[in-house]
**Q** 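Here it is, the structure in full.
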Amino acid sequence: MQLKVLTAVVVGVGLVAALGPSGAATAGGDRHSGQIIKLGRQVLPANDGWAASGPGTTGGSAAASGDVHIVDTRAELIEALGGDNATNRTNATPKIIVIRGTINGFEGLTGRCADLADPAYSLDAYLAAYDPAVWGRVNPSGPLEEARVRSVANQTRYTQINVGPNTTIVGMRGAKLQNLTLMVDSANNVIVRNINFVDAFDCFPAWSPTDGDAGNWNSQFDLMSVRRSVNVWVDHNTFTDGDNPDSGQPIHFGRPYQVHDGSLDITHTASLVTASYNRFVSRDKVMLIGSSNTVGPDVGRLNVTLHHNVFDGTMQRLPRVRFGQVDIYNNYYRLAGDGFSYALGVGVQSSIYAENNYFSLADGIAAEDILFDWGGTVVTEKGNWVRAGSDRPRQVSLLDAYNAAHDPDLGADSGWTPALRHGPVLPAPLVPLAALALAGARL
Ligand code: CA
Ligand code: CA
């Protein structure tokens with residue numbers, strides 16, 4: 001019975017089925033590009049999460065043949081998105097963009113960060129000026145901080161690639177977007193599939209001395225950001241830091257020099273997002289849904305569905321939620337001991353519905369560590385399974401475990417029931433197999 005369910009999932013969803021039984025693995029280059037363009041013509045299935053709301057999510061599927069582009073450089077990507085990175089976010093022409101090979105955000109800059117630094121900025125000068133022992137524990141200010149901010153603006157103009165409405169971006173086998181941020185801001189109806197996102201790093205992290213007990217370095221750049229947009233489908237992508245992991249960063253002022261921000265952050269009133277079959281690998285901050293506690297324009301927004309994603313060796317924000325109704329089902333969490341903080345962040349006015357997820361916990365992590373209260377009051381959770389260390393896997397109430405170990409308690413009813421789900425909801429014990437087999441960029 002369980003095998004039948006799994007078989008139905010393998011055949012019924014995912015990229016393999018999407019491309020037909022011949023698959024792409026044995027296809028030649030031309031045939032492969034043809035199949036990936038076919039993938040680009042697909043739309044989000046009906047009822048597949050919050051992105052199916054309203055008009056649904058069709059991306060650039062209706063593109064005219066002249067608006068289907070195969071690109072393998074940053075310059076070609078910007079050209080395909082409309083021609084000018086400064087204005088591309090307003091280009092609403094339906095378009096399908098196929099990524100081939102590796103596109104690097106620093107393309108054309110031999111000095112990379114050095115080419116983007118303001119002449120008045122250097123890290124050595126910054127470290128000398130704002131060392132808490134010299135400067136105190138107040139926010140950096142003055143000409144050097146202003147020079148850092150100008151440097152970040154330079155980098156934003158260059159390595160942040162802006163996407164307009166009605167766009168589908170799909171990757172050919174092994175396609176990478178490296179050292180750049182894919183920014184979907186004020187751009188409705190966008191589909192992104194089968195891409196390896198690699199290491200969007202900030203050349204100019206900011207020192208935030210009052211962030212946490214000991215201060216923190218913070219980065220500006222996510223691998224992908226969704227802001228002020230609705231109907232966005234992020235499917236079958238892999239998000240990693242490549243050969244530049246958080247664990248390899250230097251320590252400055254006693255804290256890790258954090259050059260990464262989110263893998264996929266959904267903020268600034270964005271809503272109606274479905275993230276399915278993605279793989280998030282080995283990093284600290286993964287997914288922020290809502291970036292401000294201010295009770296304002298985010299209220300009633302930030303509605304997101306996460307299903308069949310793999311969170312592998314990730315430490316926090318899996319996701320962290322404010323305000324939104326966020327459906328989290330059939331995701332597989334493989335949580336490592338080193339640096340793990342929490343999985344599901346229950347933030348201000350958040351309404352998480354977490355069902356039939358599977359948590360594999362390294363030694364030192366307990367079921368009570370999975371939830372974290374960031375100022376929320378409730379979470380609905382059911383059917384979740386936990387395997388702690390080498391213990392036998394078992395169904396666990398994440399809420400009971402949390403409440404037994406922490407105060408104040410969280411309530412058990414987030415006040416809604418997800419209506420938008422596509423295909424069967426798997427029993428949690430089948431989730432690791434299904435998610436590992438199907439998640440991530442894979443064609
Ligand atoms: Ca972010
Ligand atoms: Ca308690």
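In listed order, ligands and their atoms are each counted from 1. The figures that follow rest on heavy atoms only: side chains count, while hydrogens, waters and symmetry mates do not.
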**Q** Among F197, F239, Y332, exactly one meets ring pair (Phe, Tyr, Trp, His ring centres under 6.0 Å) together with F280. Which residue is that?
**A** F239
**Q** What angle, to the nearest 10°, do the atoms OD2 (D261) and OD2 (D222) form about the Ca ion (ligand 1)?
**A** 130°
**Q** State which residue, out of L344, V310, N357, fulfils the side chain to side chain contact (heavy atoms under 4.5 Å, CB included) condition with N331.
**A** N357
**Q** Determine whether the aromatic ring centres of H307 and Y277 lie less than 6.0 Å apart.
**A** yes
**Q** How wide is the angle at the Ca ion (ligand 2) between O in H406 and OD1 in D409, to the nearest 10°?
**A** 90°
**Q** What is the name of the N/O/S atom of D265 that is nearest to the Ca ion (ligand 1)?
**A**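 Looking only at N, O and S atoms of D265, the one nearest the Ca ion (ligand 1) is named OD2.
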**Q** Please find the N/O/S atom of D407 nearest to the Ca ion (ligand 2) and write down its name.
**A**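 Looking at D407, the N, O or S atom with the least distance to the Ca ion (ligand 2) is OD1.
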**Q** Quick check: F106 with F201 (ring centres under 6.0 Å apart)?
**A** yes
**Q** For residues Y126 and W207, establish whether the separation of their ring centroids is below 6.0 Å.
**A**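 No, the ring centres sit 6.0 Å or more apart.
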**Q** Does the shortest distance from the Ca ion (ligand 2) to an N/O/S atom of N403 fall below 3.0 Å?
**A** yes
